[in-house]
Structures are given as C-alpha cells and as structure tokens.
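No experiment lies behind these values; they were computed from the predicted model shown.
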Amino acid sequence: MSVFLNGDAVSALALTVPRIGPWHADVSLTPNGTQPSGKVTLSVFGVEYKGAVLRSGVTKALPFARIIGGAGGLGTVLPPKTYQGTDVKLPLSEILQGVKESLSPTSDTAALAKRLPFWVRVEGTAGESLASVLSLAGIPCWRVLRDGTVWVGSESWPASGLTDVTLLERDPHLGRYDFYAEKPAVFPGETWDGHRVSVVEHRFTADSLVTSVWVEPEGAAGETDRVKAGLEAFVRKFTAPMKYARRYECRVVAQNADLTLELAPDDPEIGTLSNIPIYYGLPGVTAKVPSGARCLLEFLGGSPDKPAVTGWRVGTTTELDFGAAAIAFGGGAADALVKGTTYRTAEDLLLTALVTALGTISAATSPSTSAAATTFGTAVTTFKAGSYLSAIGKTA
C-alpha cells in the first residue's frame, strides 16, 4: 500500500489531523499526476480522508495541492444573524449548511440539545462562528472527521485499534511518539498505548511513512490539542491585559454598610471581589440592592486596581437615595419614605370631605356662601385632575 490522491500516486505527503479543528494536508504528485481541484479523496496506506483542494499548482514538473478536510467552506465569511431561545443544533446546522459543510451523524446528541437563550452571530468566517457558538454552549470539542463531516461533542476516548507499530523515537517532554505502521489507523480522541491522542501527523516520502502522535498532558482540560496549546499560551501572555478592558456580569452576594458590594463574577477567571464601589451615573445618588441582583463590573481605565460596578440588569432595588430624599421600593412591612399612591388617595378623601362640608354649610346659609362653595368645588375638581402629582414615586 502507498499514498494516493483521487487514484493518482503521491510522491510526498504531510498530513496533520488535530483533535480540534479541520485536518489538512500538503501533497505532491508524480510527474504523470493530474493537478487536483475540488473535492478529493486522500488514501494513506488504506485509510481514506475526504477533503477539498484549497490551492494547487505545479512546481518542478510535479503537481501539488493544499487540502483541507470537509468541503473547504469553513473559511467562508457568513453574514450576521441573531438566535434566541433555541438549541445549539439550529445555529450550528445553519452555519455548516451556509458553507456546504455537513454535520456528522455521530455528533453528541446531548451537546446539540443544549439551549442557547441568546446568541449573536457576528460577520465572520464559518469556522469562527462555529467555535463561538460551541464555546458559549460549553461544548469543548469539534473536528472534521475522515469522511469530511464535522463532529462536535465531548471526548469519550475509545481505545485505538492500532497495536502493531515499530517505534522510531519517543520525546516525553513534547509528548510525541514517532513510529512506522503498515496501516496507521490511529486518530485524535482515541486512547493509544495508555495515552490520550491529541494530534496525529503522517509524513510520506519515497515509499516511507512516518507517523507522529502527540498525546495529551496529564490533567489537560481537553479544550485544545497538544500542538495548539503552546501557541495559545504564548498568545495569552500578550493578550492578558485585554481582560481588564472587558465588562463582566456579576451576582451581588451582599451589600456592605458603606454601600460597596461583595460580588461573584460569572467568569471564573475573575474570582470573588470585595468592597467594590458603584458608579451610578448621577451625582448624589446611592442605592441599596438585595443579594442576587445582577450587575456589570468593569475596570476603570483598564486598570486592575480600579474595579467598579457601572451598570445593572433588570432587577429589584430596595431603596434609591437622591441626597435630599430617599425613595424605597418593594413594599414589605416598612412603609416607603415617599408613598405617592397612599398620599394621593388620602388627599382625595380630604378634598371630597371639604367639598361636602361646604355644600352642607351653604345649604343652610346665605346665597353668597353657596356660590363660594360651588367655586371651591370647581377648583378642587380641576386640582384633582392635574397630572403634576404623578411625578411622585408610587408604590403598589
């Protein structure tokens, strides 16, 4: 057995199959080979991979091609779209269908059924959108399988069927094994020789095939593969300060006597926070809020020593203080300091009683008193119809 592309003999191959993302290959054909295009089938010592040609050409009289797993559509830019109250499968399927990719029927059904209360797909490539929606749903893995379909879910780490290999080199520091096998049927997401397989690479030249397997480090979280992990750590080193330029949703654990807050951010990387001040947006305003209220945390000026609450989601407030007066909300045993509805009801009763009393008096006295009572009653009716008192805070 050897390596073929659509039946044409391959003279050189570098095939990388990661645990996260699409597989890709660089191939060179023999001088008699046909320059490949479109959908192709790559056969590596009897193991087939379905992919698409990203680019091809001829160099030194040898046709060559860069191939990616699937239909080659994950780099296509999709327009924005908003989803609300749906499961993961709908936006995921629409992403893939929009670029002529296919969802693997072996994908994790429980993962596809996860609910998305809200998700905005911004304009970007299909691959970026796919990674975004899966990350939001807490689905750790996705990759393009050998048959060209996209698989998503959590790893089950089944045992690999590969047993008969000739070990060439082992690098414990990198977690890499180099070997030769007549049929190198080992794939990411499997367990081989007691290790979890992260990345597989096949290198073929002159009828010699060397397979390299990178295994997962002990205790790895499983959200990236071994090869990408180093690059991501390097990127995080330089992007860490950007975390202080974001806003974070938090839950109020408690409010202190000085009105600062004890917070539990939704993002576990932030950790719990104490004595956080509130910026209200108006001078002289303070608020009392109950435990469980939802707020927005940011770091002023992007500085890690200046955390502050600068916004709120819809929720309850027990009291607002405007400096000169406070307005309490929520009812309960204690009366609000300004209770507009109660005040207006009592005022209506008082004015109605005055009109009735004056009418009774006028009926027993002179006509001039009767006229004054009528004038007073008209004035009271006009007063009560006025809308200016509606500005007073009301409670149920």
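The CG atom of Leu13 sits 7.5 Å away from atom CG of Leu209, with the distance rounded to the nearest 0.5 Å. Summarising the geometry, atom CD1 belonging to Ile270 is positioned 7.0 Å from atom CZ belonging to Arg246; distances are rounded to the nearest 0.5 Å. Within the model, atoms CG of Leu297 and CD1 of Ile278 stand 11.5 Å from one another, a figure rounded to the nearest 0.5 Å. Here the OG-CG distance, from Ser102 to Asp147, works out to 9.0 Å after rounding to the nearest 0.5 Å. Distance check, rounded to the nearest 0.5 Å: CG of Leu29 to OG1 of Thr34 gives 8.0 Å. Between the CG atom of Asp87 and the CG atom of Leu92 there is a distance of 10.0 Å, given to the nearest 0.5 Å.
Residue Glu216 forms a side-chain hydrogen bond (donor to acceptor under 3.5 Å, both in side chains) with just one option from Arg19, His195, Arg196, and that option is Arg19. Across Val133, Leu96, Leu130, Thr82, a single residue satisfies side-chain contact (heavy atoms from CB on, under 4.5 Å) together with Pro91, and that is Val133.
A continuous path of Ile, Leu, Val, Met, Phe, Trp and Tyr side chains, each step under 4.5 Å between heavy atoms, connects Tyr280 with Ile276, placing both in one hydrophobic cluster. Cluster annotation: Val200 is not connected to Trp151 through the hydrophobic network of ILVMFWY side chains, with a link wherever side-chain heavy atoms come within less than 4.5 Å. Residues Phe204 and Val27 are members of one and the same hydrophobic cluster, defined by side-chain heavy-atom contacts under 4.5 angstrom among Ile, Leu, Val, Met, Phe, Trp and Tyr. Under a hydrophobic-cluster definition in which Ile, Leu, Val, Met, Phe, Trp and Tyr are linked whenever side-chain heavy atoms come within less than 4.5 Å, directly or via other members, Val120 and Leu78 are assigned to different clusters. Cluster annotation: Ile68 is not connected to Ile20 through the hydrophobic network of ILVMFWY side chains, with a link wherever side-chain heavy atoms come within less than 4.5 Å.
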Just list the side-chain donor-acceptor pairs under 3.5 Å for residues 42-65, sequence neighbours left out, or say none.
{"from": "Lys50", "atom 1": "NZ", "to": "Thr41", "atom 2": "OG1", "distance (Å)": "3.1"}
{"from": "Ser56", "atom 1": "OG", "to": "Gln35", "atom 2": "NE2", "distance (Å)": "3.2"}
{"from": "Ser56", "atom 1": "OG", "to": "Pro36", "atom 2": "O", "distance (Å)": "3.1"}

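Proximity of Val152 to Val88: side-chain heavy atoms (C-beta onward) are nowhere separated by under 4.5 Å. For the pair Leu103 and Thr149, the minimum side-chain heavy-atom distance is 4.5 Å or more. Side-chain contact between Glu262 and Ser274 is present, with at least one heavy-atom pair separated by less than 4.5 Å. Using a 4.5 Å heavy-atom threshold, the side chains of Tyr244 and Pro307 count as separate. Looking at Arg251 and Arg294, their side chains come closer than 4.5 Å, going by heavy atoms from C-beta outward. Looking at heavy atoms from C-beta onward, Thr125 lies out of side-chain contact with Leu74 at the 4.5 angstrom threshold.
Residues Thr30 and Asn32 have side chains that never bring a donor and an acceptor to within less than 3.5 angstrom of each other.
In terms of modelled atom types and a separation under 3.5 Å, the side chain of Arg115 and the main chain of Gly85 share a donor-acceptor contact. Checking side-chain atoms of Glu101 against main-chain N and O of Ala71 turns up a donor-acceptor pair under 3.5 Å. No donor-acceptor pair closer than 3.5 Å links the side chain of Ser135 to the backbone N or O of Ser132. The backbone N or O of Trp157 sits less than 3.5 Å from a side-chain atom of Thr191, completing a donor-acceptor pair. No donor-acceptor pair closer than 3.5 Å links the side chain of Thr310 to the backbone N or O of Tyr279. No donor-acceptor distance shorter than 3.5 angstrom exists from the side chain of Asp178 to the backbone of Leu168, with no hydrogens or angles considered. The closest donor-acceptor contact from the side chain of Gln255 to the backbone of Val289 lies under 3.5 Å.
Tyr180 OH: more than 12 foreign heavy atoms inside a 6.0 Å radius. Other residues, nucleotides and ligands contribute more than 12 heavy atoms inside 6.0 Å of the NZ atom of Lys114. Counting non-hydrogen atoms of neighbouring residues, nucleotides and ligands closer than 6.0 angstrom, the CG atom of Asp258 exceeds 12 such neighbours.
Looking at every heavy atom in both residues, Pro158 comes nearest to Gly189 through CD-O, 3.3 Å. Closest heavy-atom contact between Glu201 and Thr16: OE2-OG1, 3.5 Å. Contact between Trp312 and Ala293 at its shortest, heavy atoms only, is CZ3-CB, 4.1 Å. Counting all heavy atoms, side chain and backbone alike, Arg203 lies closest to Ser212 at NH1-OG, 2.9 Å. The two residues Tyr177 and Leu167 make their nearest non-hydrogen contact at CD2-CD1, 4.2 Å. Between Ala287 and Leu259 the shortest heavy-atom distance is O-CD2, 4.0 Å.
Sorted by first and then second residue, the ring pair (Phe, Tyr, Trp, His ring centres under 6.0 Å) pairs with a member in residues 96-135 read Tyr83-Trp119; sequence neighbours excluded.
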Go through Phe187 and Val197 one step at a time and tell me if the side chain to side chain contact (heavy atoms under 4.5 Å, CB included) criterion holds. CA-CA 7 Å; Phe187 308 102; Val197 178; over 6 Å; no
Going through the distances and angles, do Thr106 and Leu145 end up as a side chain to side chain contact (heavy atoms under 4.5 Å, CB included)? CA-CA 10 Å; Thr106 63; Leu145 302 180; 3.9 Å; yes
For Val309 and Leu261: C-alpha separation, side-chain torsions, deciding distance, then whether side chain to side chain contact (heavy atoms under 4.5 Å, CB included) applies. CA-CA 9 Å; Val309 168; Leu261 301 175; 3.8 Å; yes
Give the C-alpha distance, both sets of side-chain angles, the deciding distance and a yes or no for side chain to side chain contact (heavy atoms under 4.5 Å, CB included) between Arg121 and Ile95. CA-CA 10 Å; Arg121 188 182 80 193; Ile95 290 170; 4.0 Å; yes
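Cluster partners of Leu296: none. The rule joins Ile, Leu, Val, Met, Phe, Trp and Tyr whenever side-chain heavy atoms lie under 4.5 Å apart, and it links nothing here.
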